[in-house]
S.K.: 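Before we start, here is the structure in question, set down as structure tokens.
Per chain, numbering begins at 1; letters A, B, ... match sequence-line order. It should be emphasised that the depicted structure is a prediction, and the values quoted were computed from it without experimental measurement. Scope of the values below: all heavy atoms of this structure, side chains included, with no hydrogens, waters or symmetry mates.
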2 protein chains.
Amino acid sequence: MKRLVPAPSATPAASLTDRLARGDLMAAACPSREVLRHVTSRWGVLVLIALEGRTRRFGDIRRAIGGVSERMLAQTLQWLEHDGMVDRRARDVVPPHVEYSLTPLGREAAEKVRALADWIEINLPRIAESRPRAGRGVAT
Amino acid sequence: MKRLVPAPSATPAASLTDRLARGDLMAAACPSREVLRHVTSRWGVLVLIALEGRTRRFGDIRRAIGGVSERMLAQTLQWLEHDGMVDRRARDVVPPHVEYSLTPLGREAAEKVRALADWIEINLPRIAESRPRAGRGVAT
DNA sequence: CTTCATACTAACAAAAATGTACGTACTTAC
DNA sequence: GTAAGTACGTACATTTTTGTTAGTATGAAG
């Protein structure tokens, strides 16, 4: 009889539903966690940023983001499309021609994501500094 | 006159170094990508948020975040500590007592991360709506 | 003396993400 | 005819992440 759950006291099922409706990242079962995963995935962040303000073709995006494989880019774009962040528009022409752009939802997300990315880029020196140097003590 | 590359004109090697110094997420080799991974990792986001504004003990954080295993929490905290976002303070007492808190760097990062998390939580309904329903058409 | 709690680490396993290589369908370039 | 380019899908291999379980040291509680 060990209690595996933290605090089972007074937790009506109704409130749980409410919390999940609005989204509660601290709750293990919240669907928002999946969205977060997509948006903050390795390439998700970069795709959102690459698409900010402009429509781009697949190959275009690929060349813009260093290191993405076609497979991963396609996958990431599908995740984001599924989450309503990206709009995919394919022309039915012989050499495939597909254009990707952000939806209003995607634009909002991209804004937040870019804010974080920008912060990291700008503060990289500070972060690197605070990292423990191997074999070297702190500078006086 | 086929141009395979977008614009290879005038790209001196020196500028590459400059871009890496400041941090350029679009460059495959940029160290900022690692930081991004840590900060946007599954638990990294939640840890930063859980630590915002308060110092917490290991078990405390664990109970706050639904679904984390001890192993992953420890790992995530180490990543963030290594990146200078989290300050770990251990008292040398018998039952281990360790307190975690955000550094100034961590506070700034947490702010950005929370902005994104909040946005997702609040807009979950909109996101869910835009998802293609299986077998169900859009509501009028 | 046995059990429990804390904050982990180590070892092993499973799941998820990512990468590589190849194929496609058709057109343009050569 | 041969080669290249597009936007992927598929199969398979590898890497990374995450989870599970067990163990540690020590004092307090029983």
S.K.: How many whole angstroms separate atom CG of B:Asp60 from atom P of C:dA5?
M.R.: 16 Å

S.K.: For DNA chain D, which residues in residues 44-58 of chain B have a heavy atom at a distance below 4.0 Å?
M.R.: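 Residues of residues 44-58 of chain B under 4.0 Å from DNA chain D: none.
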
S.K.: Salt-bridged, A:Arg89 to A:Asp87, with N to O below 4.0 Å?
M.R.: yes

S.K.: When the nearest nucleotide of DNA chain D is assigned to A:Pro96 and to A:Gln75 on a heavy-atom basis, which residue is associated with the more 5' position?
M.R.: A:Pro96

S.K.: Distance check needed: D:dT21 P versus B:Glu70 CD, whole Å only.
M.R.: 12 Å

S.K.: With nearest nucleotides of DNA chain D determined for A:Pro95 and A:Leu77 from heavy-atom distances, which residue corresponds to the more 5′ nucleotide?
M.R.: A:Pro95

S.K.: Is any side-chain N or O of B:Arg37 closer than 4.0 Å to OP1 or OP2 of D:dT17?
M.R.: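 For B:Arg37, the contact criterion (side-chain N or O under 4.0 Å from OP1 or OP2 of D:dT17) is met.
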
S.K.: Which of these nucleotides, D:dC8, C:dA7, D:dT18, is closest to any side-chain atom of A:Val98?
M.R.: D:dC8

S.K.: Measure the distance from CZ on A:Arg71 to P on D:dT15 and round it to the nearest whole Å.
M.R.: 16 Å

S.K.: Find the distance A:His97:NE2 to C:dC26:P and express it as a whole number of Å.
M.R.: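 A:His97 atom NE2 is separated from C:dC26 atom P by 19 Å.
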
S.K.: Hey, is B:Arg126 close enough to A:Glu108 for a salt bridge, meaning N to O under 4.0 Å?
M.R.: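 Yes, B:Arg126 and A:Glu108 are salt-bridged.
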
S.K.: Students often get this wrong, so: under 4.0 angstrom with heavy atoms, is A:Arg88 touching a base, only sugar-phosphate, or nothing?
M.R.: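 Sugar-phosphate contact only - A:Arg88 comes under 4.0 Å of backbone atoms but never of a base.
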
S.K.: Within the distance-only criterion (no hydrogens, no angle test), does the side chain of A:Asp83 pair as donor or acceptor with the backbone N or O of A:Met85 below 3.5 angstrom?
M.R.: no

S.K.: For the pair made of CH2 in B:Trp79 and C1' in C:dC8, what is the distance, rounded to whole Å?
M.R.: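 Those two atoms, CH2 and C1', are 16 Å apart.
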
S.K.: Between B:Arg62 (CZ) and C:dT9 (P), how many Å, whole number?
M.R.: 14 Å

S.K.: Atom CZ of B:Arg42 and atom P of C:dA16: how far apart are they, to the nearest Å?
M.R.: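 Taking CZ of B:Arg42 and P of C:dA16, I get 9 Å after rounding.
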
S.K.: Using a heavy-atom cut-off of 4.0 Å across all strands, would you classify B:Gln78 as base, sugar-phosphate, or nothing?
M.R.: sugar-phosphate

S.K.: Nearest to the side chain of B:Arg63, which nucleotide is it out of C:dT6, D:dA7, C:dT9?
M.R.: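 The answer is C:dT6.
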
S.K.: Starting from P on D:dC8, measure out to CD on A:Glu81 and report it in whole angstrom.
M.R.: 9 Å

S.K.: Where do A:Glu99 and A:Arg88 land on the salt bridge (charged side-chain N to carboxylate O under 4.0 Å, His left out) test, with the steps shown first?
M.R.: CA-CA 6 Å; A:Glu99 295 190 340; A:Arg88 187 190 114 110; over 6 Å; no

S.K.: Please pick, from D:dA11, D:dG9, D:dT6, the nucleotide with the shortest atom-to-atom distance to any side-chain atom of A:Ala74.
M.R.: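 Side chain of A:Ala74 sits closest to D:dG9.
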
S.K.: If you take all heavy atoms of A:Leu73 and A:Phe58, which pair is closest and at what distance?
M.R.: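 Closest heavy-atom pair between A:Leu73 and A:Phe58: CD2-O, 3.6 Å.
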
S.K.: Of all heavy-atom pairs between A:Val98 and A:Ala90, which one has the smallest distance, and what is that distance?
M.R.: CG2-CB, 3.9 Å

S.K.: For the side chain of B:Met72, starting at C-beta, report the closest nucleotide among C:dT9, D:dT18, C:dT6.
M.R.: D:dT18

S.K.: Assess whether a salt bridge exists between B:Arg107 and B:Glu52, defined as any Lys/Arg side-chain N lying under 4.0 Å from an Asp/Glu carboxylate O.
M.R.: no

